[in-house]
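Basis for what follows: all heavy atoms, side chains included, without hydrogens, waters or symmetry-related copies. Positions are given from 1, in the same order as the sequence printed here.
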Amino acid sequence: MSLSRTKLTDPKALRGYAHPLRMALLGLLRAHGPMTATQAAEQLGESVPNCSFHLRQLAKYGLAERSPGADARERPWRATALATSWDDDSDDPQVRAATDELNAAQLALYTRRAEEFLLRRADESAAWRAVTGFSDQSLYVTADELAELTRRLDAVLSEYDDRILDPSRRPADARRISLIQLAVLSPSPTDGARPATPAPPAGAPEAPGGAR
């Protein structure tokens, strides 16, 4: 089974999603199912009117909708899909600017989540501390090779999609994690000659935490 997806292509929709509370609200709906603005406000520590406004904005861009059969007095919202995607290769300057804005908002969200995790990581079991954290690895690849590598990684991760779609498939000790993928280009050699960075000694990690 594959996750349902909403693809954003319009610059207004891309910018509309690039808001930390809207991202948090959509994540909440996807993780916990339909909920009212009041319930979302309690979860996120926000005001009900603020959550209600931003849920309506998510609906405006096709990312959320009212739950069918909801009570007219307390009407829950639900996500229209379990994943959101957008392209970074548009030739339209307005779309490129909007996707850059959205990517920056997502990076800020990921950074905040990582910082929050670090604050509570010491309270986790040794088993979870051993398999969570940060790492990085340098690769020399072509654009086509990186695209193929990304497809292969996506295929591996999709093997766990059924656990998102059907909670009964999750092992008793399974927990929700955020596996964040960043592919960042080093400066081009033509941008200025720089001495090569010496390779780390054999067995030494390239970054704190070591590569996994």
Side-chain angles (χ1 to χ4, degrees), residues 1-6 17-33 35 39-40 42-46 63 79 81-86 88 99-100 102-141 145-186 197-212:
M1 291 184 289
S2 60
L3 300 181
S4 55
R5 292 180 178 273
T6 298
Y17 184 41
H19 187 285
L21 181 53
R22 290 174 197 171
M23 290 181 178
L25 284 165
L26 191 57
L28 202 62
L29 295 180
R30 286 173 174 168
H32 302 289
M35 62 176 55
Q39 292 168 328
E42 292 173 352
Q43 290 281 333
L44 299 175
E46 294 281 345
L63 296 166
L82 290 174
T84 306
S85 65
W86 55 92
D88 287 303
T99 55
D100 284 346
L102 177 50
N103 288 330
Q106 284 231 304
L107 178 59
L109 176 64
Y110 297 152
T111 301
R112 186 165 62 253
R113 285 181 181 173
E115 290 171 342
E116 291 169 352
F117 169 66
L118 283 179
L119 291 175
R120 65 177 189 277
R121 190 184 188 198
D123 298 326
E124 297 290 351
S125 67
W128 280 110
R129 293 199 308 274
V131 295
T132 55
F134 315 107
S135 67
D136 78 304
Q137 182 171 340
S138 294
L139 301 174
Y140 286 87
V141 294
E145 288 172 335
L146 182 55
E148 174 60 22
L149 177 58
T150 300
R151 283 191 289 269
R152 287 162 57 191
L153 291 172
D154 288 344
V156 172
L157 295 176
S158 69
E159 295 174 9
Y160 298 87
D161 284 354
D162 61 345
R163 298 184 183 184
I164 296 175
L165 299 167
D166 183 359
S168 69
R169 292 179 175 269
R170 301 170 192 170
D173 56 348
R175 293 175 60 179
R176 185 172 182 265
I177 72 158
S178 294
L179 192 61
I180 299 162
Q181 179 183 328
L182 298 174
V184 182
L185 274 172
S186 297
T197 302
E206 286 193 322
R212 298 189 182 88

* Can you check side-chain contact (heavy atoms from CB on, under 4.5 Å) on E124 and T132, steps first, answer last? -> CA-CA 10 Å; E124 297 290 351; T132 55; over 6 Å; no
* Rounded distance [0.5 Å steps], CZ in R169 versus CG in D162 -> 5.0 Å
* For D88, check side-chain contact (heavy atoms from CB on, under 4.5 Å) against everything at least two apart and list the hits. => W86, T99, N103
* Structure fact -> Smallest heavy-atom separation, R5 atom then S85 atom, equals NH1-CB, 4.4 Å
* To do: Not counting sequence neighbours, which residues clear salt bridge (Lys or Arg N to Asp or Glu O under 4.0 Å) with E145? List them please.
  => none
* Structure fact -> Here the gap from L29 atom CG to Q39 atom CD, rounded to the nearest 0.5 Å, amounts to 10.0 Å
* **Least distance between heavy atoms, S4 atom then A81 atom** => OG-CA, 3.4 Å
* Out of curiosity, L21 CG to L26 CG, how far, rounded to the nearest 0.5 Å? -> 11.0 Å
* Working to the nearest 0.5 Å, report the span between CG of L182 and CG of L107. => 6.5 Å
* Could you go step by step and tell me if W128 and D173 meet the side-chain contact (heavy atoms from CB on, under 4.5 Å) rule? -> CA-CA 11 Å; W128 280 110; D173 56 348; over 6 Å; no
* **Closest non-hydrogen atom pair, P20 against R112** => CB-NH2, 3.9 Å
* With S158 as reference, evaluate D154, V156, D161 under the side chain to side chain contact (heavy atoms under 4.5 Å, CB included) test and give the passing residue. => D161
* Asked: Does any N or O in the side chain of R170 come within less than 3.5 Å of the main-chain N or O of R163, such that one atom is a donor and the other an acceptor?
  -> yes
* Asked: Between E148 and R151, is there a side-chain N and carboxylate O pair less than 4.0 Å apart?
  -> yes
* Assess whether atom CG of L139 is packed by more than 12 heavy atoms of other residues, nucleotides or ligands within 6.0 Å. => yes
* What distance separates I180 CD1 from R113 CZ, expressed to the nearest 0.5 Å? -> 6.5 Å
* To do: Could you go through the side-chain contact (heavy atoms from CB on, under 4.5 Å) check for L118 and F134 one step at a time?
  => CA-CA 10 Å; L118 283 179; F134 315 107; 3.7 Å; yes
* To do: Test side-chain contact (heavy atoms from CB on, under 4.5 Å) on M23 and L102 and set out the steps.
  => CA-CA 10 Å; M23 290 181 178; L102 177 50; 3.3 Å; yes
* Structure fact -> Taken to the nearest 0.5 Å, the spacing of L165 CG from L82 CG works out to 6.0 Å
* **Side-chain touch I164/R176, heavy atoms, less than 4.5 angstrom** => no
